[in-house]
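Report on the following structure.
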Number of protein chains: 2
Amino acid sequence: MRVTTQRVEIFREVASSCEHPDAETVYERVKERLPNISFDTVYRTLASLEDMDMIFRVDSMLPKARFDADRRPHNHFLCVKCGEVYDIFPEDGYEVKIPENSKKFGEIKDVNLQVRGICNKCRH
Amino acid sequence: MRVTTQRVEIFREVASSCEHPDAETVYERVKERLPNISFDTVYRTLASLEDMDMIFRVDSMLPKARFDADRRPHNHFLCVKCGEVYDIFPEDGYEVKIPENSKKFGEIKDVNLQVRGICNKCRH
DNA sequence: ATACTTAATAAGAATTATTCTTAATAAGGT
DNA sequence: ACCTTATTAAGAATAATTCTTATTAAGTAT
């Protein structure tokens, strides 16, 4: 895995943002520093970084994939109206409890808890 | 909301399946009974049924949306290798525990817990 | 330092899932 | 049976993402 300027910049962009940017946003921002970057490179690199567990794809139910580089355990509040994703950092000692029989389907790699609702901004 | 043949057949198709079919699968199957059904009608109707909380969209991280008409509380095991979705019906008394501070982001409508891993079939 | 090998890239075409447009159809009320 | 209007079929359009191909540059060997 070669360390290219594009990869470094794309990772830095996701890692320095707490807004769970989508591919287009990453592209627009990295383009300011690397004007020749292509859309394909952004998509390809985001996929590679995801494979390496350096970033995660946020499950947003919206057509655009969004990314998160924060590896601290946390959950997401998804606004079903505007699509905004907010980080929920659980209180100390919190742990997601999964059903006992989850493991009968296979080997568990990850658990994803998403809270959906109307965010404060959308409630006026 | 008019009760059309198409709507009835589309709902029946999702409701009678436990495989969380995608729009294309629903289209193919309903087409056997209604040969003139259009793709657009399937998409539009699935969206309407979702609005009416008669069916739900399954969060699969895959490009195709999948649907579920089972309104019993349950969770999903998603195989990250083949994309298959399995229903997890939790043992009696189980309830998803969400972080205390989830509600500070807005009004909670729904909680979604997804277990990801490699399913038994993909482990050989 | 310089050359070499090959993975990674840019550019834009292609693909996939989904949504839109428009004229025709049929549900449910009159 | 008729009328109104929501719903539909058909296919074009769009949006997000992925693929193709020739070019470039990272990391290694010289």
Side-chain angles (χ1 to χ4, degrees), chain A residues 1-14 19-52 54-68 78 80-85, chain B residues 1-14 19-52 54-68 78 80-85:
Chain A
M1 168 68 79
R2 293 184 183 170
V3 178
T4 65
T5 318
Q6 290 89 339
R7 282 181 177 161
V8 172
E9 288 301 325
I10 289 167
F11 176 68
R12 286 197 354 178
E13 193 51 55
V14 179
E19 323 160 21
H20 318 89
D22 58 29
E24 192 176 359
T25 304
V26 173
Y27 170 75
E28 298 295 353
R29 297 205 184 139
V30 170
K31 204 183 170 100
E32 290 170 17
R33 276 164 278 146
L34 305 177
N36 290 324
I37 190 109
S38 73
F39 237 113
D40 177 59
T41 296
V42 173
Y43 276 103
R44 201 166 11 79
T45 303
L46 289 170
S48 306
L49 293 170
E50 190 190 10
D51 284 345
M52 296 161 64
M54 291 178 69
I55 64 173
F56 304 95
R57 204 171 283 260
V58 178
D59 233 338
S60 76
M61 303 277 279
L62 294 169
K64 290 186 178 186
R66 299 179 65 160
F67 298 87
D68 188 351
L78 170 69
V80 297
K81 198 156 186 194
C82 67
E84 194 55 75
V85 177
Chain B
M1 169 66 78
R2 292 182 183 171
V3 178
T4 66
T5 318
Q6 290 89 338
R7 282 180 178 162
V8 172
E9 287 301 326
I10 289 167
F11 175 68
R12 285 199 352 180
E13 193 51 55
V14 179
E19 324 160 22
H20 318 90
D22 58 29
E24 192 176 0
T25 304
V26 173
Y27 170 76
E28 299 294 354
R29 298 207 184 137
V30 169
K31 203 181 172 103
E32 290 170 15
R33 276 164 278 145
L34 306 176
N36 289 324
I37 189 106
S38 73
F39 237 113
D40 178 58
T41 297
V42 173
Y43 276 103
R44 202 168 9 80
T45 303
L46 289 170
S48 305
L49 293 170
E50 190 189 9
D51 284 346
M52 296 161 65
M54 291 177 69
I55 65 172
F56 303 95
R57 204 171 282 258
V58 178
D59 233 338
S60 74
M61 304 276 279
L62 295 169
K64 291 187 177 185
R66 299 180 64 161
F67 299 89
D68 188 352
L78 170 68
V80 297
K81 196 154 186 196
C82 68
E84 194 54 77
V85 177

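Chain A is the first sequence line, chain B the second, and so forth, proteins listed ahead of strands; every chain is numbered from 1.
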May I ask you to test the [X]-[Y] pair for a side-chain heavy-atom distance under 4.5 Å?
X	Y	result
Ile37(A)	Ile10(A)	yes
His20(A)	Phe67(A)	no
Phe11(B)	Arg7(B)	no
Val14(A)	Leu46(A)	yes
Ser48(A)	Met1(A)	yes
Arg44(B)	Gln6(B)	no

- Task: Mind checking the CD-CZ spacing from Glu9(B) to Arg33(B)? Nearest 0.5 Å is all I need.
- Result: 4.5 Å

- Taking only N and O in the side chain of Tyr43(B), is any of them less than 4.0 Å away from OP1 or OP2 of dT19(C)?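 So the side-chain polar atoms of Tyr43(B) never come under 4.0 Å of the phosphate oxygens OP1 or OP2 of dT19(C).
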
- Query: Thr4(A) side chain N/O closer than 4.0 Å to the phosphate oxygens (OP1, OP2) of dT9(C)?
  - Reply: yes

- Treat primed atoms plus P, OP1 and OP2 as sugar-phosphate and everything else as base, then score nucleotides 9-15 of chain D 5' to 3': B for base contact with protein heavy atoms under 4.0 Å, S for sugar-phosphate contact only, - for none. BBB----

- Message: Looking at Lys31(B) and Glu24(B), is any side-chain nitrogen of the basic one under 4.0 Å from a carboxylate oxygen of the acidic one?
- Response: no

Value in whole Å for how far the [atom2] atom of [N] lies from [atom1] of [X]:
X	N	atom1	atom2	result
Glu9(A)	dA10(C)	CD	P	12 Å
Arg7(B)	dT8(D)	CZ	C1'	10 Å
Arg57(B)	dA17(C)	CZ	C1'	11 Å
Glu50(A)	dT17(D)	CD	C1'	13 Å

- Item | Pair Asp22(B), Thr25(B): side-chain N/O donor-acceptor within cut-off below 3.5 Å |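 Indeed, the side chains of Asp22(B) and Thr25(B) share at least one donor-acceptor pair under 3.5 Å.
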
- So which nucleotide from dA26(C), dA8(C), dT8(D) ends up closest to the side chain of Arg2(B)? dA26(C)

- Can you tell which of dT7(D), dT18(C), dA26(D) lies closest to the side chain of Thr5(A)?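 Ranking dT7(D), dT18(C), dA26(D) by closest atom to the Thr5(A) side chain puts dA26(D) first.
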
- Output the residues of residues 19-32 of chain B in contact with DNA chain C, where contact means a heavy atom of the residue under 4.0 Å from an atom of the strand; sort by number or write none.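 DNA chain C contact set from residues 19-32 of chain B: none.
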
